[in-house]
Amino acid sequence: MQQQPDEMRMTVVDATKFGAVGDGKTDSTNAINECLAWTKSMGYNTVWIPNGTYMIDGTKNGDPRAPFRGAGINVPGNIEILMDAEAVIKVKPNSSWGYAAFYIGGTSDIKISGGSIIGERDKHTYTPAPRPTHEWGFGICIEGASNVVIENVRIADFTGDGIIISNGGEGYRPSERIQVTNCDIRRSRRNNLSITGCDNVLVEGCEIADAGTGNGTAPCFGIDIEGYSEGSIVYEEPVNVIIRNNVLKGNVNHAVSNFNGTSVIIEGNVADGTISYGYGTGTTIANNIIKKNPEFTGQSTGINGLGVGALEERSDAVIKGNLISGFTTGIDIRGKSVFAAGNKIRDFVNAGILAYQASQVFIEGNYIENDVPEQRSGTAFSITQSDNVTCSGNHIANVVLAVRSTGNDVQIKHNVIKQFSRGIWISQGNAVIEGNFISPNGFQTVPESYAVSVTNTASAVIQQNTITRFRNFPIYCSTNQHTKIIGNYIEDSPLIVTVFLTRGTHEVIGNTITLSRPSLPAVLIYLDQSSDSAILNNTLRSNTEARVTAIQTNTSRQTLIIGNTIVKGMIHSHQTDTVNGNIEV
């Protein structure tokens with residue numbers, strides 16, 4: 001009886017019926033290709049590869065100019081290849097600089113599931129010519145294809161990439177709607193997975209390990225998302241890529257690198273190496289657990305960027321909800337328009353978050369702490385050669401230096417900063433330091449330094465901060481520029497000098513400073529070698545029996561000292577000062 005269309009689709013064609021032999025010796029390339037071609041011609045859709053090891057010539061039928069193209073098992077469209085869990089497609093040793101176990105080019109509606117696809121990297125002959133790196137030996141090569149699913153497949157030991165997804169076919173079109181799910185991809189010499197020219201790729205639930213180990217060839221990434229352009233002409237562009245819920249471990253360089261992709265989401269992964277947004281545009285890196293593998297010393301950063309792409313105007317990167325530990329730097333922000341929020345960064349060496357050559361950066365609600373600070377020398381936030389940076393609502397603890405900034409238009413607002421040697425240090429550029437709770441709180445690792453300091457050529461507004469439990473200057477300014485110190489609450493100073501301001505011009509307005517030092521000498525505000533400064537409407541209290549020096553300006557010139565309320569204190573001014581309306585109790 002003639003089969004009906006539904007029955008035809010249900011037919012499963014056994015590759016061994018076409019001469020494929022799973023004995024680990026017989027070349028089954030032709031047999032499997034004949035099986036696929038016959039299945040396609042008959043209108044069937046499914047090919048079965050039973051238990052066994054099937055040897056494949058990964059160079060057979062390859063394009064002489066690109067020997068991986070069209071080589072190995074050439075999969076037609078509208079085909080599903082089902083492999084037994086114990087089935088192995090194994091590439092025969094060769095000396096070609098490029099090959100493919102499976103080639104999917106310019107076709108659509110393909111599924112490969114089950115079994116293993118194994119390369120020959122350990123038995124490959126690496127000839128010095130014509131291309132000595134031999135980095136184009138692929139497990140699955142997808143070029144200009146669409147609607148492709150690779151699932152539950154183990155892929156290992158290729159001279160190039162385990163899987164590559166790129167442009168190809170008529171019009172050199174991108175691959176579209178590609179899914180790689182629940183696969184195990186490892187020990188590729190170059191990258192375990194390369195995504196170069198595509199639109200809509202999902203990589204989910206995979207284990208991706210050990211790229212580039214042994215005789216690896218650069219870049220040795222777990223996943224590399226990287227297009228290709230020359231000047232203003234874009235040949236390959238990865239767009240709309242999702243990397244989700246994978247385990248990435250032991251890859252020699254980055255776990256995931258989005259070198260220049262657009263609209264890339266990297267979320268929910270567990271990685272022991274760097275995740276990068278590179279020069280990409282519209283990258284989201286969210287809710288990943290990134291813990292450094294100490295065996296790979298070259299990966300010094302948990303999450304990083306490289307900057308704005310040559311053909312782009314901004315990065316538009318979002319970095320949120322990640323747990324990062326053990327790296328030299330937790331997050332290295334570069335480029336324009338970057339949002340880093342809700343990340344927890346622990347056990348870093350140099351910087352929790354570094355903003356370098358960056359602009360329009362928002363760093364909000366992060367938790368940064370070194371659990372073993374005596375083994376670290378780190379800075380929670382480092383802002384260098386950057387502008388328009390906002391750090392707000394963050395929690396910082398157990399660091400040597402909380403914030404170091406040489407940037408312009410920096411906002412440091414409403415952070416909780418505890419247990420540090422030096423708090424906020426502005427040494428170049430300008431900053432607003434507002435609404436922070438700052439408490440060194442008996443930091444023991446190195447001697448305590450200043451809670452807030454403005455030095456060199458920097459200028460700053462320091463306002464409405466609470467500074468408590470300190471043993472060195474809560475505010476120290478030695479800049480030759482202008483500072484404003486407004487509405488701060490500095491409590492229970494034990495110091496000989498509490499606020500020290502030298503050089504420059506300073507406005508000290510509306511602050512409340514209390515002194516808990518049991519004995520003299522004591523100075524609450526000391527203004528030195530300054531001119532045209534103003535000390536206005538401050539409340540200065542001492543609990544000593546003797547009167548302390550509340551305000552000392554006798555080594556400065558032309559200071560306005562007006563409207564201050566002083567409890568158990570006095571003013572030591574210069575003859576050029578204007579002293580009016582102060583209340584001494």
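Note that the structure is a prediction, hence the values are computed from the model and not measured. We count residues from 1, following the sequence as given.
- Counting heavy atoms from C-beta on, the side chains of Asn343 and Ile319 come closer than 4.5 Å.
- Side chain to side chain, His395 and Glu369 fail the donor-acceptor criterion of an N or O pair below 3.5 Å.
- Every residue meeting the salt bridge (charged side-chain N to carboxylate O under 4.0 Å, His left out) condition with Arg346, not counting sequence neighbours, appears here in chain and number order: Asp371.
- Judged as a salt bridge (Lys or Arg N to Asp or Glu O under 4.0 Å), the pairs with a partner in residues 266-294 (not counting sequence neighbours) are, in order, Arg244-Glu267.
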Just distance, no hydrogens or angles: give the donor-acceptor pairs under 3.5 Å from side chains in residues 219-235, sequence neighbours left out.
{"unit_1": "Asp224", "atom_1": "OD2", "unit_2": "Asn191", "atom_2": "ND2", "d": "3.4"}
{"unit_1": "Tyr228", "atom_1": "OH", "unit_2": "Glu230", "atom_2": "OE2", "d": "2.2"}

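- Each salt bridge (Lys or Arg N to Asp or Glu O under 4.0 Å) pair with one or both residues in residues 407-421, not counting sequence neighbours, appears once here: Lys413-Glu434.
- Listed by chain and number, the residues in a side-chain hydrogen bond (donor to acceptor under 3.5 Å, both in side chains) with Thr301 amount to none (sequence neighbours excluded).
- Partner Asn415 forms a side-chain hydrogen bond (donor to acceptor under 3.5 Å, both in side chains) with one of Asn436, Asn465, Asn366 and no other, that one being Asn436.
- Qualifying ring-ring contact (aromatic ring centres under 6.0 Å, His included) partners for Tyr356, counting only residues two or more places apart in sequence or in other chains: none.
- For the side-chain contact (heavy atoms from CB on, under 4.5 Å) test with Ile525, the passing option among Leu540, Asn511, Ile475, Ile485 is Leu540; the others fail.
- For the residue pair Tyr489 and Gln464, no side-chain donor N or O sits within less than 3.5 Å of a side-chain acceptor on the partner.
- Between the side chains of Arg177 and Asn147, at least one donor-acceptor pair of N or O atoms lies under 3.5 Å.
- For the residue pair Ser382 and Thr379, no side-chain donor N or O sits within less than 3.5 Å of a side-chain acceptor on the partner.
- Annotation: salt bridge (Lys or Arg N to Asp or Glu O under 4.0 Å) contacts involving residues 189-201, sequence neighbours excluded, comprise Glu135-Arg190, Asp161-Arg190.
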Could you pull out every donor-acceptor pair under 3.5 Å between side chains of residues 303-315 and any protein atom, sequence neighbours left out?
{"unit_1": "Asn304", "atom_1": "OD1", "unit_2": "Ser276", "atom_2": "OG", "d": "2.6"}
{"unit_1": "Arg314", "atom_1": "NE", "unit_2": "Asp316", "atom_2": "OD1", "d": "2.8"}
{"unit_1": "Arg314", "atom_1": "NE", "unit_2": "Asp316", "atom_2": "OD2", "d": "3.3"}
{"unit_1": "Arg314", "atom_1": "NH2", "unit_2": "Asp316", "atom_2": "OD1", "d": "3.4"}
{"unit_1": "Arg314", "atom_1": "NH2", "unit_2": "Ser337", "atom_2": "OG", "d": "3.1"}
{"unit_1": "Ser315", "atom_1": "OG", "unit_2": "Lys336", "atom_2": "N", "d": "3.2"}

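- A donor atom on one side chain and an acceptor atom on the other are found under 3.5 Å apart for Asn564 and Asn538.
- Using modelled atom types, one finds no donor on one side chain facing an acceptor on the other under 3.5 Å when comparing Thr328 with Asn350.
- A donor and an acceptor atom, one from each side chain of Glu491 and Thr468, are located under 3.5 Å apart.
- Taking the six-membered ring where tryptophan is involved, the planes of Tyr526 and Phe500 are perpendicular, since the angle between them exceeds 60° and thus also 30°.
- Contacts of Gln357 classified as side-chain contact (heavy atoms from CB on, under 4.5 Å), with partners at least two apart in sequence or in another chain: Gln385.
- A donor-acceptor contact closer than 3.5 angstrom links the side chains of Ser493 and Thr498.
- With sequence neighbours excluded, the residues forming a salt bridge (charged side-chain N to carboxylate O under 4.0 Å, His left out) with Asp210 are Arg186, listed by chain and number.
- Applying the ring-ring contact (aromatic ring centres under 6.0 Å, His included) rule to pairs touching residues 261-286 yields Phe259-Tyr279, sequence neighbours excluded.
- Looking only at distances, no side-chain donor or acceptor of Asn260 sits under 3.5 Å from a matching main-chain atom of Gly280.
- For the 3.5 Å distance criterion, the side chains of His482 and Thr505 fail to qualify, holding no donor opposite an acceptor.
- Using modelled atom types, one finds a donor on one side chain and an acceptor on the other under 3.5 Å when comparing Trp425 with Thr455.
- Sorted by first and then second residue, the salt bridge (Lys or Arg N to Asp or Glu O under 4.0 Å) pairs with a member in residues 423-433 form an empty list; sequence neighbours excluded.
- Arg404 and Ser427 share a side-chain donor-acceptor pair at under 3.5 Å.
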